[in-house]
Amino acid sequence: MSVSGNLREPALAKRHRIGQLFEWLCCGSTWFGMVVLALLLLSIGWKAMAWPTPDADAVDRAAATKTDAKVAASLSPRPLSARFLTSYDSRIPQKAGIKAALWGSLWLLVFVAITTVPVGVGAAVYLEEYSNEGRWKRIIQVNLSNLAGVPSIVYGILGLTVFVRMFGLFGHDGKVLDLNLGFAMLSLPLPFERSVISGALTLSLLVLPTVIVSAQEALRAVPSSIRNASYALGATQWQTIRHQVLPAAMPGIMTGVILSLSRAMGETAPLIMIGALTYLAKCPGKIDGVAAVWEHPTRLLEAPFDVFTSLPIQIFNWVSRAQPEYDHLAAAGIMVLLVVLMVMNTAAILIRNRFQRRTQW
Amino acid sequence: MSVAQTSPSILVKQPNSLTRRFSWTRAREQVIRLALFLCGALSLLTTAGIIVVLFNEAIYSFSGTAFFQTVSITDFLFDTVWAPQHPDKPRFGILPLLCGTFVIAGLGGVIGLPIGLASAIYLSEYAKPKMRRIVKPTLEILAGIPTVVYGYFALVFVTPYVLRPIFQTCLGINVDIFNALSAGIVVGVMIIPTVCSLSEDALRAVPRGLREAGYALGSTKYDVSLKVVVPAALSGILASFLLAIARAIGETMAVTIAAGQQPRLTLNPFRGMETMTAYIVNISLGDTEAGSMEYKSLYAVALSLFVITLSMNVLAQWVLKRFREVYE
Amino acid sequence: MTIMQSFSELMHQRQQRETVKRSRPVETETDVSKLEVSNLNFFYGEKQALFDVSMTVPERSVTAFIGPSGCGKSTFLRTLNRMNDIIEGTRLTGKVTLEGQDIYADDVDVVALRKRVGMVFQKSTPFPKSIFENVAYGPKIAGQRNQKELQGIVEQSLKRAALWEEVKDRMQDSALALSGGQQQRLCIARALATNPDVLLMDEPASALDPASTARIEDLIFELKQNYTIVIVTHNMQQAARISDWTAFFFQGYLIEKDRTQKLFTTPKKKQTEDYITGRFG
């Protein structure tokens, strides 16, 4: 029998075995990421749910200080608990919480959104809709992809020099500009020092390239027939963009913005650079709830220029402390951070899916 | 062709002028256009800002002395000791920091690049749509986890529960609590999503005809994947590798937490090391006075980091452009 | 029956219809030229798409452009309201005048031009908004803020586009929910709402079923009492049914333009005859 006529060649069997092995290898690699993710969540969740078992010394110490029932009741039974969310950082791990960090992150989020959305969308509109200046477009586009690759810590250095210190232009102690807004006085410190506004501006520069690129994609997905139809009705370019293109691209833009904001939420290094890592037992502007805003509305103007901490900063702070209890606090903080990020990402995905279903031109 | 001689005048509209006149609408158009251009130009300003800031403190200061006006560039590049805090004789040899950076990025690459590429091949060539629907979001989650979390995972889980039992208990190798290997492992995990999604895009861009031609020549799926599709997508894969390594080099929090703070010129992955990024973080944690040598060294290290990552990014883009196979 | 005879038949039917339709004794068609084009050359980058085209478009009439695909008829249509400006790398020489004004002069406001020369596209392009918002869009961007006025304009435009009866109870519904033919009439209403004098139509019925096509054709017939209409069509029967003038384009050249009846029954050029008798194209 001729070899070429045999469809069950022994040499082929070997090749198929290699192929099978290769497929398993690739499949295993794919699962690797998922396994690590599961391990990570499990180990951190496990740490967040219980305090370390006290060693003999600690038990002795507790006995020696004769902890009375009242003090014991004020300590959290678990690192991750309701009171973890509502208390400030503390020297006693069982009393520590992330209130200041939550409010700090919220302020950062608001200011990053306020600055990046108009600028990012504006830049994307310029690049996609007013692109007849071919050379500018090319330069900015190349620059954007390079900026996206710059390590975040370098942005931290930029923020430190430009926003926190303002090149040292205002001397060693800085200046305070008092602006009368009519209804309230705004004290504007120059330079911005280690304030919410410094952190937010730094993070804005960091996420702008991603916001711009995703907004560009959303704009590109708007069919040009919509633009032509609007122009044919005598609309100007801006009217076309404002009334037709932007509304159509909005869901896509929002998805990109939320994903970028969630990246900003998790950024640590640039904020450390601008000096946000301090022991802090207050919220920016002393605003710790709606009631505080209601009673002292002018604090809203103070908050942006106040010192702050944020969720990842607080986590890093706890990680770098020696006592094992702080490891568990950090785990609890990570769980909160991951839940917040998960909520943001889910929102982004929901918007994207709804958009995809609706868009049939 | 007939030309108008008579016309029922009641039906003829008075011709409206088409001539451009000043209008607020037009003025607003121009203002908006300028504003949008400025938004776009802000990214150029950011780049300029980064370069000016680093240049001013590191190379040539417009007010005072810059880092390299005090420390010679040969000392910086070839001295083997990094001891900026030494009270009498500070030394600024960046080699230990470079060594830490590249050992960790290298370990990360050894772990992350093959796994990322293999996942990309699996997703693009083998996986069923249902599998893709599970894996893709998982990878997105993996990519969205803040790096400080990875650092914590390395320090609190990988070192005590994986590395120490294997290497210290079984093999008798001393593993520092802060070590380069744990940092390298989590950096590897961190770059998997980058490599996977970019490589997968490149693999999927290979036209079906090429695969079919491979099968028609009697190739197995393995032959087609590894010998037809991967070579055809090589430029995209290479670019994804370069971008991932650049990311590993610029990675900060995980290596700061997991690898420690001792600048050490060693290749032993079980010892603690300090990377360039970790040094920058550690300096800014302390109360360093602006204008001191230590403070300026921050900018010198940041400049080196910026130059390295930028050149890798530019190289990646060049590879993409230069070796792109154009299909269709 | 030869093809030429069939066209004659068509013309006859049409005349009958015309007399029925025109209940008013006003003879709308005039010989005043609305648009005049002279020596127009048009380029996409290096490639020349139109060669030395000259023609006049008479006011209050329907002028149809016919020709095989790629002959430049759509490109020519788009030069009449400068829609080609949007495409990068295009270039034009020659002159186009609207009521004597050169529309390519340096000081012409394109936006003002497009308000007077409306356009309807081959694929209906309703904005993803309500029916009302679609029609009100043009007047709104032109600065009309008075809600009452807007409602009046919308109603009138929809009536002129013969769509009012079908949509008057669901003005706030999404325009995307309308059928294809309704969408196209909505686009016509939308174009009418800006009160143009000239209406350009780029194969407005090519994507529609025969019934919807008939409605659009009737509509065009109505509209020519008040508007100058230029229509591109790949369907010769359609051109014969609705237009007063027909221009035949071939490979970027205007081969022949004449009264529709004449062009279809006694074409002067060989190429025209070949095309309308179906020998090519």
Side-chain angles (χ1 to χ4, degrees), chain A residues 15-16 18-19 22-23 25-27 29-30 32-34 36-37 40 43-44 47 119 122-123 125-127 130 140 143-147 149-154 157-158 161-162 165 168 205 208-209 212 236-238 262 266 268-269 272-273 275 277 312 315-316 319 327 330 334 337 341 345, chain B residues 25 28-29 32-33 35-37 39-40 42-44 46-47 49-50 53 115 118-119 121-123 126 135 138-139 141-142 144-149 151-153 155-157 189 192 220-222 226 243 246 250 252-253 257 277 280-281 284-285 290 298-299 302 305-306 309-310 313-314 317:
Chain A
R15 279 171 66 196
H16 280 306
I18 294 174
F22 180 72
E23 185 179 345
L25 212 67
C26 288
C27 185
S29 299
T30 311
F32 178 80
M34 301 213 232
V36 171
L37 183 65
L40 187 146
S43 64
I44 292 173
K47 281 232 168 194
V119 176
V125 166
Y126 177 76
L127 290 174
Y130 293 85
I140 294 176
N143 183 50
L144 279 178
S145 52
N146 285 331
L147 274 184
V150 172
S152 59
I153 191 119
V154 174
I157 289 196
L158 181 69
T161 318
V162 176
R165 297 193 49 241
L205 291 185
L208 255 181
I212 294 174
T236 61
Q237 190 159 19
W238 173 245
S262 80
T268 323
I272 291 179
M273 286 305 304
L277 190 79
I315 292 163
F316 178 66
V319 170
D327 276 354
I334 288 173
L337 177 61
L341 295 184
N345 286 338
Chain B
T25 317
R28 203 186 57 175
E29 270 319 279
I32 287 169
R33 188 192 177 86
L36 294 175
F37 171 74
C39 289
L42 184 69
S43 75
L44 295 176
T46 310
T47 312
I50 291 174
V53 163
I115 291 181
S119 326
I121 294 174
Y122 186 75
L123 286 180
Y126 290 93
V135 174
T138 316
L139 285 174
I141 294 175
L142 217 52
I145 289 180
T147 59
V148 66
V149 177
Y152 177 85
F153 182 65
L155 180 67
V156 176
F157 185 80
V189 172
I192 289 175
T220 62
K221 192 154 193 167
Y222 161 78
L226 212 59
L243 289 176
T252 308
M253 293 320 292
I257 294 173
T277 50
I280 298 174
V281 167
S284 54
L285 287 179
L298 206 83
Y299 288 85
L305 183 66
F306 178 70
T309 50
L310 184 68
N313 275 296
V314 171
Q317 282 162 34

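Letters A, B, ... mirror the listed sequences (proteins, then strands); counts begin at 1. None of the values given here were measured: they were computed from a predicted structure.
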Donor-acceptor under 3.5 Å (A/Ser145 side chain, A/Asn143 main chain): no
Residue set satisfying side-chain hydrogen bond (donor to acceptor under 3.5 Å, both in side chains) with B/Thr277, at least two apart, ordered chain then number -> B/Thr275
Please rank B/Asn313, B/Ile145, B/Thr47, B/Val314 by heavy-atom pairs under 4.5 Å with chain A and give me the top one. B/Thr47
In sequence, state the C-alpha distance, the side-chain angles, and the governing distance for B/Phe153 and B/Val189, and then conclude on side-chain contact (heavy atoms from CB on, under 4.5 Å). CA-CA 11 Å; B/Phe153 182 65; B/Val189 172; over 6 Å; no
With a 4.5 angstrom heavy-atom cut-off, which part of A/Ile334 approaches chain B: side chain, backbone, both or neither? side chain
So, do A/Thr268 and A/Ile272 sit near enough that their side-chain heavy atoms are less than 4.5 Å apart? yes
Among the listed options B/Gly250, B/Ala246, B/Ser119, B/Gly40, the residue most often paired with chain A at heavy-atom distances under 4.5 Å: B/Ser119
For A/Val154, is it the side chain, the backbone, both or neither that has a heavy atom under 4.5 Å from a heavy atom of chain B? side chain
With a 4.5 Å cut-off on side-chain heavy atoms, are B/Pro146 and A/Pro312 touching? no
Answer with side chain, backbone, both or neither: which region of B/Thr309 has an atom nearer than 4.5 Å to a non-hydrogen atom of chain A? side chain
So do the side chains of B/Arg33 and A/Tyr130 get within less than 4.5 Å of each other, counting heavy atoms only? yes
Can you tell me how far the CG atom of B/Leu123 sits from the CG atom of B/Leu139, to the nearest 0.5 Å? 6.5 Å
How long is the span from the CH2 atom in A/Trp238 to the CZ atom in B/Arg28, to the nearest 0.5 Å? 8.5 Å
Here the gap from B/Ile280 atom CD1 to A/Ile157 atom CD1, rounded to the nearest 0.5 Å, amounts to 4.5 Å
Report which part of A/Leu37 has an atom under 4.5 Å of a heavy atom belonging to chain B: side chain, backbone, both, or neither. both
Part of B/Leu155 within contact of chain A (heavy atom distance under 4.5 Å): side chain
Separation between SG (B/Cys39) and CG (A/Leu127), nearest 0.5 Å, reads 10.0 Å
Heavy-atom distance under 4.5 Å to chain B: side chain of A/Asn345, backbone, both or neither? neither
Under 4.5 Å to a heavy atom of chain A? For B/Leu44 that would be both
Interchain contact, B/Ile32 with chain A, by part (heavy-atom threshold 4.5 Å): side chain
Chain A heavy atoms under 4.5 Å from B/Val53: which part of the residue, side chain, backbone, both or neither? side chain
Under a 3.5 Å distance rule, please check whether B/Glu29 uses its side chain to pair with a backbone N or O of A/Thr236 as donor and acceptor. no
Toward chain A, the part of B/Val281 with a non-hydrogen atom under 4.5 Å: both
Considering only heavy atoms, which portion of A/Ser262 lies under 4.5 Å from any heavy atom of chain B: side chain, backbone, both, or neither? neither
Heavy-atom pairs under 4.5 Å with chain B are the metric here; pick the option from A/Gly19, A/Gly122, A/Pro209 that has the most. A/Gly122
Tell me which of these, A/Val119, A/Leu337, A/Val162, A/Ile212, has more heavy-atom pairs under 4.5 Å with chain B than the rest. A/Val119
Among A/Asp327, A/Val36, A/Ile315, A/Leu205, residue most engaged with chain B (heavy-atom pairs, under 4.5 Å): A/Asp327
So, the part of B/Ile121 with a heavy atom under 4.5 Å from chain A: the answer is side chain
Highest number of heavy-atom pairs under 4.5 Å with chain A: which of B/Tyr299, B/Tyr122, B/Phe157, B/Phe306? B/Tyr122
Between B/Ile192 and chain A, which part of the residue has a heavy atom less than 4.5 Å away: side chain, backbone, both or neither? side chain
Let's test your reading of the structure: which of A/Leu341, A/Val319, A/Leu147 forms the most heavy-atom pairs below 4.5 Å with chain B? A/Leu147
Chain A contact via B/Thr46 - side chain, backbone, both or neither, heavy atoms under 4.5 Å: both
Spacing of OG1 belonging to B/Thr220 relative to CZ belonging to A/Arg15, to within rounding of 0.5 Å: 5.5 Å
How long is the straight-line distance from OH of B/Tyr152 back to OG of A/Ser43, given to the nearest 0.5 Å? 7.5 Å
